Amino acid sequence: MMDLQDYWILRLVFVVYVLCVYIFIRSASASEGFESIACCADSNYTDPVTTLNYTTDYSSFPDKKSCRHLSETVLHQIRDENFRLFDINEGKRCYNLPTTLNKVYLIRGTFPSENAPGKGSFGVSIGVTVLGTVRSSSQDLRIEGVFRATKNNTDFCLVTEEGNPYISHLELRSVSEEYLQGLNSSVLKLINRSNLGGKEDDIRYPIDQSDRIWKRTTTSPYTPISFNISILDHKSNVTPPLKVLQTALTHPERLEFNNNGLEVKEDYEYLVFLYFLELNNSVREGQRVFDIFVNSEIKEGRFDILNGGSNYRYTLLNVSAKGSLNLTLAKASGSENGPLLNAYEIMQVHPWIEGTNQTDVEVIKKVREQLLVQNQDNKVLKSWSGDPCILSPWHGITCDHSSGPSVITDLDLSSSDLKGPIPSSVTEMTNLRTLNLSHNSFTGEIPSSFPLSSLLISIDVSYNDLEGSLPESISSLPNLKTLYFGCNEHLKEDIPPKLGSSLIQTDGGRCKEEDSRLDQVVVISVVTCGSLLITLVIGVIFVCCYRHKLIPWEGFVGKGYPVTTNLIFSLPSKDDFFIKSVSIQAFTLEYIEEATEKYKTLIGEGGFGPVYRGMLDDGQEVAVKVRSATSTQGTREFDNELNLLSAIQHENLVPLIGYCNEKDQQILVYPFMSNGSLQNRLYGEPAKRKILDWPTRLSIALGAARGLAYLHTFPGRPVIHRDIKSSNILLDHSMCAKVADFGFSKYAPQEGDSNVSLEVRGTAGYLDPEYYTTQQLSEKSDVFSFGVVLLEIVSGREPLDIKRPRNEWSLVEWAKPYIRASKIEEIVDPGIKGGYHAEAMWRVVEVALQCIEPFSAYRPCMDDIVRELEDALIIENNASEYMKSIDSLGGSNRYSFVMDKRVPPSTSSTAESTITSQTLSLPQPR
């Protein structure tokens, strides 16, 4: 028989067991939807403060070489933790976290202090929505966002900018739906979360079941009164935890909270959550009434915490902030007590940006998984992280962003050191146009399941070790134009009948290795001969120069003014094995003065100096640009333009005829452009005499785009203009557009460059906001400027005009709302209304809108822009021919089309950037 002592022991054990089960179930329930990652931790562990379980990130990044250790003394305590430091050359690095569709989550990344290596800055994004930038700081930085999951997994990405990204902790928490009520397509970035009057440094889980971190705030410009009493009628389902609401700040007259030190930018909307709980039981309804102001603007008048008898209230303010967000609670007239506030949160609203087409994402990830089976250490595959198209696109992948979600159109994995079978899932990429898997070590058979619905135009699987036969499905592809499969030793030579016809260009399976060797011999021979020729030319020039010192120069031009000719050679491109040379004449100063009649006719002036009209002895009219003594540009710009135009020629780039560098005079000579600049023809004096019609404007836009596209795709190394504007687009006698003024031009930064951050150059109104803020240059900076030029062409307005009303200063910001509302007739130049085809106009406007996206990743490349403008011009010309045929039958001599009211493609903009008066200190138009 059990004695009494045993009975009580068993009962105690049972109670403890039940309590443990209860605590476990409660804890498991509370932390459902939680993910806690400790980067580079030695092992999984339980945090002693929060009791939450943290796991290592080795499942995402198994390489321990990127792990670093941080050990320092903080507030007399030893801080000892690990963090992960990524390489800047790896592009973006993403953690993929499990989420539930349509559920609301808080996500938070922690980044160590400045004692961690990896200086510089990097971006942080949820999916492809940029949340903020991490810069070196004297204290740990947390970036936190609230979002609604759009799928069953979500990426948290670190995007390289100027430094190596690093992170120590990543936390995902499910939170209340109330954060995103009415804002399903937005992401909220936390700016401030304050526990007013609190006595503890941080309040978080398990006190806050969503593990929000409430920071203690007790200081104020006024003397606060703090309360901490029991609340019996407190409801458990309110947003902040009870411990946060049990303290408050109050004042007899007013409370002020200044948030100037936070990242408050005028480009965003803000949500301000204010939490109130009356802590004085003696106060009744109507006795604590106050007004709520944000930046001196009243948002809530005569607010009463006890309105309706409830002891708890919270209010949500939707505000716009312009550089500051100051919150003021002021006692209302007739109130007995001053204002009281327990806690508040400030959230910055970011539009949710749609990622790449989900089907394409799933398929390309499947391709990666299949390739990784035999290519675990492949650098290309290891760099594939996050969204394949947006924010640092994957290596080897090209995407189309022109309409709706981005889709993958090109997969180029040539020379990527890949082995094993070609992934069968590559046939599931329904938007793919080109597939290049050449020069690898792929084995096995070519996948045979290419569907008839495939859009593939080109396939290249040459120079591998494939076997079997060419599948019939490839030769049946309806859009296929080229197919190369040579140099696969074990691939059978039975070619499908269609490949034997002329419908598809193919190498017939033959290996061109021997031909390549012959080509190499030819190339070496040509280059050798070219080198001998260069040596000979230099020798002749040297002898001539030597004779010139001894005897008078015998060669004169025209009226006896000497001119020499310099041959400046450019390196051969990969497509051209013959050495190119551009003849640039070196004029004497005396000859220049004679040609311009002592600088008689001034035709313009820019940052370099005045431009004069002149005539050479052969009758050619020229524009002579003379550097002035007060010019902000100097020898660097002079040499830059001289060297660049000595190496490139294109019908849509202004050619350089010659130069003079004598007696401290720096002069450049160009062909005279009789129709001046596009700027003058749009809103200068010539525009007052004759309006530039729409077809001509469209033709000019296309010509300028072709010139820029040539620069951006220049063989060997792309060139970035850096000062695209309408005054730098000149028009010859036939109105052919020519891009001019290359003084600021630079070669595009490449991997391995020691310093890709350049001094910002450009002109106010045209300057790329991303380039201006990050100082990181790319071809997309020219694209933004060209988008502004397109808006000029459409509207006939200047890009920056402070004579207009304040909301119309910036052409970009004035035009955007009309375009997005499908009201482009509101921005079209009145002088061309009724004289354009709606479809052609829409194409130009849509291209312009894509060009001026705040983030360069969302802008098209110049080749894509050229294609769109070509299509627009074809549409316009066809419409013009149709109307002419009507005219010949006695119709009207004007044509007008009803505006197409279709909605343009949605643009993803996380920041509406306006370059206004603060950028007017940039170099002025030249």
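None of the values given here were measured: they were computed from a predicted structure.
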Tell me if a side-chain donor or acceptor on [X] pairs with a main-chain N or O of [Y] at a distance below 3.5 Å.
X	Y	answer
Asp387	Thr356	yes
Arg859	Phe784	no
His712	Lys780	no
Lys833	Glu825	yes
His837	Asn877	no
His350	Val130	yes
Lys738	Glu651	yes

Original post:
Partners of Asp801 by salt bridge (charged side-chain N to carboxylate O under 4.0 Å, His left out), sequence neighbours excluded?
Top reply: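 So Asp801 forms a salt bridge (charged side-chain N to carboxylate O under 4.0 Å, His left out) with Arg804.
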Original post:
What residues, two or more places apart in sequence or in another chain, satisfy salt bridge (charged side-chain N to carboxylate O under 4.0 Å, His left out) together with Lys803?
Top reply: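 Lys803 satisfies salt bridge (charged side-chain N to carboxylate O under 4.0 Å, His left out) with no other residue.
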Subject >> Ring centre gap for Phe744 and His721 strictly below 6.0 Å >> reply: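 No, the ring of Phe744 stays outside the 6.0 Å limit from the ring of His721, centre to centre.
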Original post:
Distance only, no hydrogens: is a donor on one side chain within 3.5 Å (strictly under) of an acceptor on the other, for Tyr766 and Glu792?
Top reply: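 Side chains of Tyr766 and Glu792: pair found under 3.5 Å.
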Original post:
With distance as the sole criterion, is a donor-acceptor pair present between the side chains of Asp412 and Thr434 under 3.5 Å?
Top reply: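 Checked: Asp412/Thr434 side chains show no N/O donor-acceptor pair below 3.5 Å.
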**OP:** Could you point out which residue of Val828, Asp829, Ile793 forms a side-chain contact (heavy atoms from CB on, under 4.5 Å) with Trp694?
**Re:**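 By the side-chain contact (heavy atoms from CB on, under 4.5 Å) criterion, Trp694 pairs with just one of Val828, Asp829, Ile793: Ile793.
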